[in-house]
Engineer: 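Handing you this structure, nothing more for now.
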Amino acid sequence: ILTSLTMFSIYQTTRQGVQTRSRILALFHPHEELTREDLIQRSDLTYDQIRRQTKNLCIEGKLTSHYKNGKRAYRLR
């Protein structure tokens with residue numbers, strides 16, 4: 001019987017990825033909710049970088065995500 005589901009990323013953890021995730025986390029204020037578009041505007045990262053690294057941050061338990069008005073939104077956990 002499967003009692004828990006472990007999520008994992010197919011992307012290799014790199015120093016650049018760690019730095020990118022740190023940059024993304026620094027964009028959030030406490031209790032603030034940001035969409036991918038918000039994150040792109042606040043950083044000079046591409047959509048693909050934001051998509052990959054926010055997924056990794058959710059897997060790591062540092063962000064939560066949900067859909068809001070048809071867009072994916074994130075919040076610090």
Side-chain angles (χ1 to χ4, degrees):
I1 296 174
L2 182 63
T3 57
S4 68
L5 179 62
T6 302
M7 293 181 67
F8 64 94
S9 174
I10 62 170
Y11 301 105
Q12 181 180 1
T13 300
T14 63
R15 184 184 328 227
Q16 182 178 358
V18 170
Q19 291 171 345
T20 301
R21 289 191 291 283
S22 293
R23 286 177 57 195
I24 291 170
L25 290 173
L27 298 173
F28 285 88
H29 298 292
H31 310 291
E32 183 178 35
E33 194 170 83
L34 298 173
T35 65
R36 288 177 177 162
E37 289 78 14
D38 295 330
L39 293 168
I40 291 166
Q41 288 176 356
R42 290 186 182 191
S43 68
D44 58 349
L45 300 171
T46 67
Y47 176 85
D48 286 333
Q49 287 173 303
I50 294 291
R51 181 186 54 77
R52 269 195 309 271
Q53 299 305 339
T54 52
K55 179 180 178 180
N56 287 332
L57 287 164
C58 288
I59 290 168
E60 292 173 6
K62 295 179 181 175
L63 290 180
T64 61
S65 75
H66 66 278
Y67 280 101
K68 181 179 179 180
N69 299 325
K71 296 181 177 183
R72 171 103 30 211
Y74 300 92
R75 177 176 284 181
L76 293 173
R77 182 168 269 187

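Each residue takes its place number in the sequence, starting with 1.
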Engineer: Check step by step if side-chain contact (heavy atoms from CB on, under 4.5 Å) holds for R42 and L34.
Structural biologist: CA-CA 10 Å; R42 290 186 182 191; L34 298 173; 3.6 Å; yes
Engineer: Can you name the nearest heavy-atom pair linking A73 to K68, along with the distance?
Structural biologist: CB-CB, 4.2 Å
Engineer: Within the 3.5 Å criterion, strictly below it, is a donor on T46 or Q49 matched to an acceptor on the partner's side chain?
Structural biologist: yes
Engineer: I'd like to know if the side chain of D38 reaches the main chain of T35, judged simply by a donor and an acceptor atom lying under 3.5 Å from each other, with no hydrogens or angles considered.
Structural biologist: yes
Engineer: For the residue pair Y74 / S65, report whether a side-chain donor-acceptor contact shorter than 3.5 Å exists.
Structural biologist: no
Engineer: Could you go through R36 and R51, starting from their C-alpha distance and side-chain angles, then the distance that decides it, and tell me whether this counts as side-chain contact (heavy atoms from CB on, under 4.5 Å)?
Structural biologist: CA-CA 7 Å; R36 288 177 177 162; R51 181 186 54 77; 3.8 Å; yes
Engineer: What residues, two or more places apart in sequence or in another chain, satisfy side chain to side chain donor-acceptor pair (under 3.5 Å) together with Q41?
Structural biologist: none
Engineer: For H29 and L76, which heavy atoms make the closest approach, and how far apart are they?
Structural biologist: O-CD1, 4.3 Å
Engineer: Measuring only between side-chain heavy atoms, which start at C-beta, is K62 closer than 4.5 Å to R77?
Structural biologist: no
Engineer: Donor-acceptor check, side chain of E60 to backbone of L57, threshold 3.5 angstrom: yes or no?
Structural biologist: no
Engineer: Locate the shortest heavy-atom distance separating L45 from I24; write the atom from each residue and the value.
Structural biologist: CD1-CG1, 3.9 Å
Engineer: Does the ring of Y67 carry R72 above it, NZ/CZ under 6.0 angstrom from centre and within 45° of its axis?
Structural biologist: yes
Engineer: Applying side chain to side chain donor-acceptor pair (under 3.5 Å), name anything that partners H66, two or more places apart in sequence or on another chain.
Structural biologist: E33
Engineer: Let me see the working for V18 and R15 under side-chain contact (heavy atoms from CB on, under 4.5 Å), right down to the final yes or no.
Structural biologist: CA-CA 5 Å; V18 170; R15 184 184 328 227; 5.7 Å; no
Engineer: Calculate, to the nearest 0.5 Å, the distance between atoms CD1 and CG belonging to I50 and L39 respectively.
Structural biologist: 5.0 Å
Engineer: Where is the tightest heavy-atom contact between C58 and T64, given as atom of each residue plus distance?
Structural biologist: SG-C, 4.3 Å
Engineer: Who passes side chain to side chain donor-acceptor pair (under 3.5 Å) against R23, sequence neighbours left out?
Structural biologist: D44
